[in-house]
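In what follows, a structure is listed as structure tokens, so that the remarks can point back to it.
Only heavy atoms go into these numbers, but all of them, side chains included; no hydrogens, no water, no symmetry mates.
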Amino acid sequence: MTAPPAVGVAGGVLSTVGATPLVELTRIFPDSGFRTYAKLESHNPGGSIKDRAALNMLVDRVRSGALTPGKSVVVESSSGNLGIGLAQVCRYFGLRFVCVVDGRTNQQNIAVMRALGAEVEVVTECDQDTGEYLPVRLRRVRELVAGIPHAYCPDQYANPLNAGAHRQTMREIVDELDGRVDYLVCATSSCGTLRGCAEYVRERGLSTRIVAVDAVGSVIFGGTAGPRLIPGHGASVRPALFGADLADEVVHVDDLDCLVGCRALARREAILAGGSSGAVVSALDRIRPRVPAGSVCAVVLPDRGERYLDTIYNDDWAAAHFGDAADLWKDPSVEVAAC
């Protein structure tokens, strides 16, 4: 029999957040000389790693009474996954939730949020100074919080509870690998995953090398803002959770890299993952020649791929944006094992 949750701690579906599987990838880099393990964050109930942050940023406020069912209103900016995580948490606790997204947000993500009772506002105009959506989303959140009684913004970009959730992510990885993780590769957006994992590693004196994956067109690590097709990683505004010392190495990947990484995961490992997962796989491929033989590498795969069926996994969409690129993810040397 499953033990009931502790007093004041979320039960029900929210009790399944975290403790996601860690699986070895044996086919993606078959001749690498090192071992690669993937943290499958798609197994969270809302389908992504953002479920961890959503729960961690709200549960104590619900427990303390700072957020009151039927009265309090949660307002946040999201490109999709955090919005789903917050929608689930708010629905469970009876909180009204308003999510501000933009024109790049996957329509399926919006549909999922609305199915969970969220009110979704779509920003359609870019910021005049930067040409990006995020500054407009953030301004709209501030307007809503100022205008809605009893409104609260978790502010994923600055909230230390976002990062705190991922100390547990890193702890799970380290525990499952018996304390040895030579490389951790993770995507960056709010910098919550990066900060939480890096702080866990440094506080415990682990020798893990932290590799941050950013998007070409993102400003997080000092790049120039530019257009991006695939949401989920990178940002046009540097988050307050950013720290220049959090990553030992930064790898920038573009939209094609994301596509190739996702298609390779699906084709070789039978893992259908989202765009930022493809970014992480491509980043590890980039540094592969420099990873010593015998190393243990962990990659965080943030979300599932069903929400990208009309884009990343759609051949017509891929051809329209990148031409005939299928040879980049097909590998005839990788055979499907017989049953």
Side-chain angles (χ1 to χ4, degrees), residues 48-50 77-84 99-110 122-140 156-157 185-194 211-239 241-242 247 250-265 273-283 285-286 300-305 307-314 316-323 325 328-329:
S48 86
I49 194 170
K50 294 290 189 176
S77 161
S78 173
S79 62
N81 283 330
L82 182 72
I84 291 172
C99 189
V100 180
V101 302
D102 61 52
R104 289 193 308 157
T105 304
N106 186 299
Q107 289 301 308
Q108 188 178 20
N109 285 344
I110 293 175
V122 182
V123 168
T124 57
E125 295 184 3
C126 295
D127 178 64
Q128 291 183 352
D129 294 331
T130 65
E132 297 292 328
Y133 285 118
L134 183 56
V136 181
R137 278 170 33 197
L138 296 178
R139 284 198 294 270
R140 183 55 182 154
Q156 63 164 319
Y157 308 100
V185 188
C186 67
T188 55
S189 54
S190 69
C191 290
T193 304
L194 174 63
V211 181
V213 184
D214 198 10
V216 173
S218 166
V219 304
I220 295 176
F221 289 93
T224 302
R228 290 174 282 128
L229 283 172
I230 299 173
H233 69 294
S236 57
V237 177
R238 177 177 284 171
L241 289 177
F242 169 82
V250 179
V251 178
H252 283 86
V253 298
D254 60 21
D255 290 319
L256 179 57
D257 293 322
C258 295
L259 173 71
V260 171
C262 285
R263 292 295 192 103
L265 267 176
S276 52
S277 298
V280 167
V281 167
S282 288
D285 191 28
R286 185 93 52 86
V300 179
L301 304 186
D303 66 352
R304 60 179 58 149
R307 296 162 190 167
Y308 301 83
L309 292 178
D310 292 334
T311 54
I312 290 172
Y313 296 101
N314 182 294
D316 292 336
W317 183 91
H321 290 285
F322 305 108
L328 295 176
W329 61 77

For [X], what residues pass the side-chain contact (heavy atoms from CB on, under 4.5 Å) criterion, not counting sequence neighbours?
| X | result |
| --- | --- |
| Val260 | Leu256, Leu328, Trp329 |
| Val237 | Leu134, Pro135 |
| Asn314 | Asp316, Trp317 |
| Ser79 | Arg137, Pro231 |

List the atom pairs, donor and acceptor, that lie under 3.5 Å between side-chain atoms in residues 274-282 and the rest of the protein, sequence neighbours left out.
residue : atom : partner : partner atom : Å
Ser282  : OG   : Asp257  : O            : 2.6
Ser282  : OG   : Gly278  : O            : 3.3

At their closest point, which heavy atom of [X] faces which heavy atom of [Y], and how far apart are they?
| X | Y | result |
| --- | --- | --- |
| Ala283 | Val213 | CB-CG2, 3.5 Å |
| Ala215 | His252 | O-CD2, 3.5 Å |
| Leu241 | Gln156 | CD1-O, 3.4 Å |
| Asn109 | Gly80 | ND2-CA, 3.8 Å |
| Val122 | Gly103 | CG1-N, 4.2 Å |

To the closest 0.5 Å, what do you measure between [atom1] ([X]) and [atom2] ([Y])?
| X | Y | atom1 | atom2 | answer |
| --- | --- | --- | --- | --- |
| Gln108 | Asp310 | CD | CG | 8.0 Å |
| Ser48 | Leu82 | OG | CG | 7.5 Å |
| Leu259 | Leu229 | CG | CG | 10.0 Å |

Notebook entry, point to check: Of all residues at least two apart in sequence or in a different chain, which pass the side chain to side chain donor-acceptor pair (under 3.5 Å) check with Asp254?
Noted result: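 Checked Asp254 against side chain to side chain donor-acceptor pair (under 3.5 Å); zero matches.
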Check: Excluding sequence neighbours, so at least two apart, what forms side chain to side chain donor-acceptor pair (under 3.5 Å) with Tyr308?
Finding: Asp303
By salt bridge (Lys or Arg N to Asp or Glu O under 4.0 Å), which residues pair with [X], not counting sequence neighbours?
| X | result |
| --- | --- |
| Arg238 | none |
| Arg140 | Glu121, Glu143 |
| Asp255 | none |

Item checked: Candidate pair Val136 and Asp102, rule side chain to side chain contact (heavy atoms under 4.5 Å, CB included), full reasoning -> CA-CA 9 Å; Val136 181; Asp102 61 52; over 6 Å; no
Next item on the list: Determine which pairs satisfy side-chain hydrogen bond (donor to acceptor under 3.5 Å, both in side chains) with at least one residue from residues 218-237, sequence neighbours left out, and list them in order.
Entry: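 Residue pairs with at least one partner in residues 218-237: Asp214-Ser218.
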Checklist line | Partner residues of Tyr313 under the ring-ring contact (aromatic ring centres under 6.0 Å, His included) criterion, sequence neighbours left out | finding: none
Checklist line | Among Ser190, Ser189, Cys191, the one residue meeting side-chain contact (heavy atoms from CB on, under 4.5 Å) with Tyr157 | finding: Ser190
Next item on the list: Applying side chain to side chain contact (heavy atoms under 4.5 Å, CB included), run through Ile230 and Thr311 and close with a yes or a no.
Entry: CA-CA 9 Å; Ile230 299 173; Thr311 54; over 6 Å; no
